[in-house]
J.: 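Structure in structure tokens, see below.
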Amino acid sequence: MPEGHSVHRIAARFRSDLVGSPVSVTSPQGRFVQGAAQLDGRVMEDCFAVGKQMFARFDNDLHLRVHLGIYGAWDFSTLHAEEALAGGNTAPVDREGQTGTYAAAAAGSMGAPRVSRVRAGEEETSGTASGAGEQWPPAPVGAVRVRLLTDRVCADLRGPTVCEAITPHEAAAHLERLGPDPVVDGKRRGWTRFREKAAHRRTPIGALLMDQSMIAGIGNIYRAEMLFRAGIDPYTPTVDLREEQLRELWDDWCRLLPIGIETGVIVTRTELRGKAKQAMLESVADRHHIYGRAGEPCRVCGTTISLAEMQGRKLYWCSGCQR
DNA sequence: TAATTATGACGAC
DNA sequence: TCGTCCTAATTAC
């Protein structure tokens, strides 16, 4: 899940569902109790992503900084109480204690409200109020590092590599260390920044694309797929690339990131249309050119796809197509 | 029940 | 380069 596209999606969801609301902040797991107390009850004023990091600013100027790492995830639940509210004579969910069950909150209403849950980036599922697990707010499941709760939205974070409350100064310091992100910098300024940082490095391009201070948001899947699309051997020292090749990599990231944000899926086989595209979106086996396909034939030239370790991560490439 | 794996990054050598 | 941290799902036994 979490390469840059996912984090931008999550930030967008925070902007639409939590920004502007006072937020109850807790740490059901108990490992973020102090930080949660600093943010609890404050209004979230903004939320944005740069690369793989998310920053949410609260009305006391503290920022919640979250990095999902390799397996962190946000789960969202939403209280759908439109029917209850439309009844006009029903109290909404208790905003202070948040202890009332969802059925109780809906007492006397016409339609049954629902609680829907969704893992960031997946489709929504919903249930009815009668189920044991359909309380509002939902009972925390597993190791929930932080829970952000408004009157109708609950966001649970588990397994992050970073979750901290920091000052604006500290947030600025983190942002400064990050390379350009197409969404933040735009195509032109981003290219200027990327070229200045990267062009003279001897680092293999396969490693450089994973360096978040060089270019922000690319992870192991986009790395493999972008180098395949560009026909570049991952071991090529960055300095040995022609400027057009480096430019093409940046332009491709500017192309792919918005598709990932839009679809919630890492789409790199952009040549596909119709049924082939549908199959690609539905089947893991068809999803990528290179990533996860070691030992299988390249879809373009038939060469067996190679696998090696680079910086402790699995690197996939086609020695036939990438030179 | 245990081992394995994962879309990440950091600090110690 | 290696070990470490964070969690959950899947696979092996």
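Naming: A, B, ... by sequence-line order, numbering from 1 per chain.
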J.: Round to the nearest Å and state the distance from A:L68 atom CG to C:dC5 atom C1'.
T.: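 It is 15 Å, rounded to the nearest whole Å.
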
J.: Can you check the A:Q212 CD to B:dG8 C1' distance for me, whole Å?
T.: 8 Å

J.: Please assess A:V23 against A:L39 for the test side chain to side chain contact (heavy atoms under 4.5 Å, CB included), listing each intermediate value before the final yes or no.
T.: CA-CA 8 Å; A:V23 184; A:L39 305 173; over 6 Å; no

J.: Which heavy-atom pair separates A:G320 from A:C301 by the least distance, and what is that distance?
T.: CA-SG, 4.0 Å

J.: Could you tell me how far apart A:M210 (CE) and B:dC10 (P) are, to the nearest whole angstrom?
T.: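 So the CE-P distance, A:M210 to B:dC10, works out to 12 Å.
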
J.: Looking for any heavy atom pair under 4.0 Å, which part of the strands does A:Q311 touch: base, sugar-phosphate only, or nothing?
T.: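 Nothing, no heavy atom under 4.0 Å.
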
J.: List the residues meeting side-chain contact (heavy atoms from CB on, under 4.5 Å) with A:S21, not counting sequence neighbours, and say none if there are none.
T.: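 Counting only residues at least two positions away or on another chain, A:S21 forms a side-chain contact (heavy atoms from CB on, under 4.5 Å) with A:T150.
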
J.: Rounding to the closest angstrom, what is the interatomic distance between C:dC5 and B:dC13 at atom P?
T.: 15 Å

J.: Side chains of A:T270 and A:R229: any donor to acceptor distance under 3.5 Å?
T.: yes

J.: Could you tell me how far apart A:Q53 (CD) and C:dC6 (P) are, to the nearest whole angstrom?
T.: 18 Å

J.: Expressed as a whole number of Å, how far does the P atom of C:dC6 sit from that of B:dT1?
T.: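 Going atom to atom, P in each nucleotide, I get 24 Å.
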
J.: Taking atom P in both C:dC13 and B:dT5, what distance in whole Å separates the two?
T.: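 Result for the P pair: 12 Å, nearest Å.
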
J.: Using a 4.0 Å heavy-atom cut-off, does A:Y222 contact any base of the nucleic acid, only the sugar-phosphate backbone, or nothing at all?
T.: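 If one applies the 4.0 Å heavy-atom cut-off, A:Y222 turns out to touch nothing in the nucleic acid.
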
J.: Starting at CD1 of A:I266 and ending at C1' of B:dG8, how long is that distance when rounded to a whole Å?
T.: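 Those two atoms, CD1 and C1', are 13 Å apart.
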
J.: Is the distance from the ring center of A:F14 to that of A:F55 below 6.0 Å?
T.: no

J.: Kindly say if A:K314 contacts the phosphate of B:dA6, meaning a side-chain N or O under 4.0 Å from OP1 or OP2.
T.: yes

J.: All N/O contacts under 3.5 Å from nucleotides 7-9 of chain C to the protein, with atom names and distances to one decimal?
T.:
from: C:dT7; atom 1: OP1; to: A:Q29; atom 2: NE2; distance (Å): 2.2

J.: Side chain of A:T161 only, please: which of B:dA9, C:dC6, B:dT7 is the nearest?
T.: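 Nearest nucleotide to the side chain: C:dC6.
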
J.: For the aromatic rings, using the six-membered ring if either is Trp, is the centroid distance between A:H5 and A:Y222 under 6.0 Å?
T.: yes

J.: Expressed as a whole number of angstroms, how long is the span from A:R177:CZ to B:dC10:P?
T.: 8 Å

J.: Give a yes or no on whether A:V19 and A:V66 share a hydrophobic cluster (residues Ile, Leu, Val, Met, Phe, Trp, Tyr; joining criterion: side-chain heavy atoms under 4.5 Å apart).
T.: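 Shared cluster, yes.
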
J.: Nearest-Å distance, NE2 (A:H5) to P (B:dG8)?
T.: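 That distance rounds to 11 Å.
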
J.: For B:dA9 and A:K52 - does any side-chain N or O of the residue sit under 4.0 Å from the phosphate oxygens OP1/OP2?
T.: yes

J.: Between C:dG3 atom C1' and A:E309 atom CD, what is the distance in whole Å?
T.: 14 Å

J.: Distance check, C1' atoms only: B:dT7 and C:dT1, in whole angstrom units.
T.: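 Nearest-Å result for B:dT7 against C:dT1 at atom C1': 23 Å.
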
